[in-house]
Amino acid sequence: MIARIRGNSKIEGEITVGGAKNSALPVLASLVLISEEIKIEKIPDIADVSEMISMIRSAGVAVNFEKNTVLARPSNLKGEIREFGSSIRASILLLGPLAVRTGHAELRYPGGCSIGKRSIDIHIEGLKKLGISVNEKNDMIEAIFDKVLKDVRIDLRFPSVGATEHLMMTSVLLNGIHTEIRNCAKEPEIVDLGKFLNSMGAKISGVGTDRISIDGVKKLNASVHSIIGDRIETGTYIIGALSSGGMLKINGISNNVMHNVTNELKKIGAKITASENALIVYPSNLRPFKLSTGPYPQFPTDLQPQMTLLACHVNGHSEITETVFENRFRHVDELKKMGADISVDKNKIEVMPSKLHGAKLVGNDLRETATILFAAATADGPSEIEKFEIIFRGYENIYKKLKDIGIDFEILKIDREVS
Ligand code: EPZ
């Protein structure tokens with residue numbers, strides 16, 4: 001799919017963000033643990049969610065998904081899922097829970113954005129401690145659950161978001177076993193997952209800290225949950241508006257999950273106000289900045305490409321260091337096609353003020369595609385973005401939202417081979 005973006009747009013207006021992709025995916029994966037009917041609201045209608053729903057249906061969970069609401073109930077659970085899952089990273093989260101419930105799980109190797117090595121060694125090491133042996137066979141991964149006789153302690157070598165969620169979910173139904181996970185990730189999406197599991201009767205404490213304890217229970221009960229707002233979608237729109245000098249109101253998000261981002265932006269001069277469930281961004285004179293990404297509450301790596309765009313629009317030299325993923329600067333090549341002045345040195349980039357012009361661009365991963373979309377919207381002259389369809393993996397109702405904030409675009413159906 002090719003999108004043509006008009007350019008010279010001022011991004012302003014009002015939108016409502018969806019539920020968080022990175023909370024909805026682990027929450028949906030945890031539905032292989034249920035024994036009674038579950039209702040989950042604010043599930044974003046995006047491609048990654050459809051893939052995860054196909055996976056849990058294939059594992060035997062009956063799922064009805066309408067109007068951002070999932071109704072799910074257990075039926076004949078099976079551990080093997082061969083036809084789905086290789087396009088999303090979160091598919092790995094099913095491995096441990098399915099192995100505990102069925103004794104044997106087999107999945108396609110997890111996919112997702114190619115922004116680094118993305119190995120799963122921390123997941124596997126933790127599963128082993130929970131009595132699960134893992135075999136990697138070509139593009140399949142198999143897990144066999146033995147039994148756990150005594151309490152377990154797992155020290156994560158890095159506060160991995162996925163490994164924290166995966167091992168927490170896998171421990172929930174280890175009846176009578178006390179599991180302690182240390183050096184955990186603390187992202188708001190992990191807190192949301194913990195809240196959902198506890199609402200079904202799980203016994204989890206310490207979520208949101210670097211030490212999580214789980215006391216295994218026999219079964220989980222019926223429950224209703226609503227997914228938190230998507231802070232990365234919100235951050236993308238905030239930074240888009242700031243880079244065009246527009247005013248934008250964003251509904252459906254609490255500053256409780258955004259403060260590490262809004263504080264960083266306010267530090268460089270951004271005018272942002274917060275109310276209970278909304279944020280407003282005002283035209284602001286921004287100063288150059290030095291930024292480093294890292295595990296929460298440090299600055300999120302999923303907003304690093306967008307901040308690179310913003311650095312092009314501030315008066316002075318900015319510096320950005322990426323510490324989470326090894327290969328997350330592909331947006332730099334695309335921004336350079338638009339005239340950006342950026343130098344790369346290993347995991348650090350230096351950005352000089354740059355007047356961007358329209359160009360022919362390519363979407364390579366989700367956050368990079370969102371970044372070049374907003375770069376194109378504010379650049380001088382039109383741009384074309386090939387592989388634009390990547391954006392549907394993580395941005396809900398994108399057509400309507402772009403229209404609502406004054407971005408003029410059209411979808412060209414022809415998909416030319418990328419030279
Ligand atoms: C989650 O990915 C998010 N995805 C990512 O968002 C996000 O960038 C990332 O956390 C960091 O915040 C979802 O929640 C679905 P990690 P995840 O395990 O779980 C290394 C987006 O755009 N590592 O915290 O895969 C890994 O290679 C996506 O929405 C190992 O080496 O992230 C990476 O360098 C992109 N071995 C670092 O840790 C392991 O076993 C962080 O990965 C696990 C991770």
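These numbers were taken from a predicted model, which means no experiment stands behind them. One-based numbering, in listed order, for ligands and for the atoms of each.
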Judged on heavy-atom distance to [atom], which of [options] sits nearest?
atom: atom 36 (N) of ligand 1; options: Ile120, Asp121, Ile92; answer: Asp121
atom: atom 35 (C) of ligand 1; options: Asp365, Asp302, Thr323, Thr301; answer: Asp302
atom: atom 43 (C) of ligand 1; options: Ser119, Ala163, Gly162; answer: Ser119
atom: atom 26 (C) of ligand 1; options: Lys117, Met52, Arg118, Gln304; answer: Arg118

**OP:** Kindly indicate whether atom 20 (C) of ligand 1 is approached by any protein heavy atom to under 4.0 angstrom.
**Re:** no
How far is [atom] from its nearest protein heavy atom, and which residue and atom is that?
atom: atom 24 (O) of ligand 1; answer: Val161 N, 2.8 Å
atom: atom 40 (O) of ligand 1; answer: Ile122 N, 2.8 Å
atom: atom 32 (O) of ligand 1; answer: Phe325 CZ, 4.1 Å
atom: atom 3 (C) of ligand 1; answer: Asn22 ND2, 3.7 Å
atom: atom 22 (O) of ligand 1; answer: Arg367 NE, 2.8 Å
atom: atom 18 (O) of ligand 1; answer: Ser160 OG, 2.6 Å

Quick one: are [X] and [Y] in side-chain contact, heavy atoms under 4.5 Å?
X: Glu41; Y: His225; result: no
X: Ser171; Y: His178; result: no
X: Leu373; Y: Ile385; result: yes

Original post:
Below 3.5 angstrom, do we get any N/O pair linking Ala90 and ligand 1?
Top reply: no
**OP:** Check whether any N or O atom of Val324, backbone or side chain, sits under 3.5 Å from an N or O atom of ligand 1, and answer yes or no.
**Re:** yes
Side chain, backbone, both or neither: which applies to [X] and ligand 1 if a contact is any heavy-atom pair less than 4.0 Å apart?
X: Arg89; value: side chain
X: Phe158; value: side chain
X: His123; value: both
X: Gln298; value: neither

Look at the side chain of [X] and the backbone N and O of [Y], then say whether any donor-acceptor pair between them is shorter than 3.5 Å.
X: Glu233; Y: Gly235; value: no
X: Thr209; Y: Arg211; value: yes
X: Glu334; Y: Leu361; value: no
X: Asp192; Y: Ile228; value: yes

Original post:
With Phe289, which of Met307, Glu319, Lys267 fulfils side chain to side chain contact (heavy atoms under 4.5 Å, CB included)?
Top reply: Met307
Close-contact set for ligand 1 against [X] heavy atoms, below 4.0 Å:
X: Arg157; value: 30 (C), 31 (O), 36 (N)
X: Ile115; value: 35 (C)
X: Lys21; value: 21 (C), 29 (O)

Residues, nucleotides or ligands: over 12 heavy atoms within 6.0 Å of [X] [atom1]:
X: Lys129; atom1: NZ; result: yes
X: Lys203; atom1: NZ; result: no
X: Lys78; atom1: NZ; result: yes

**OP:** Please identify each residue that fulfils salt bridge (charged side-chain N to carboxylate O under 4.0 Å, His left out) with Asp210, with sequence neighbours left out.
**Re:** none
Original post:
Does the distance from a Lys or Arg side-chain N to an Asp or Glu carboxylate O, for Asp302 and Arg328, drop under 4.0 Å?
Top reply: yes
Original post:
Quick one: does Arg328 get within less than 4.0 Å of ligand 1, heavy atoms only?
Top reply: yes
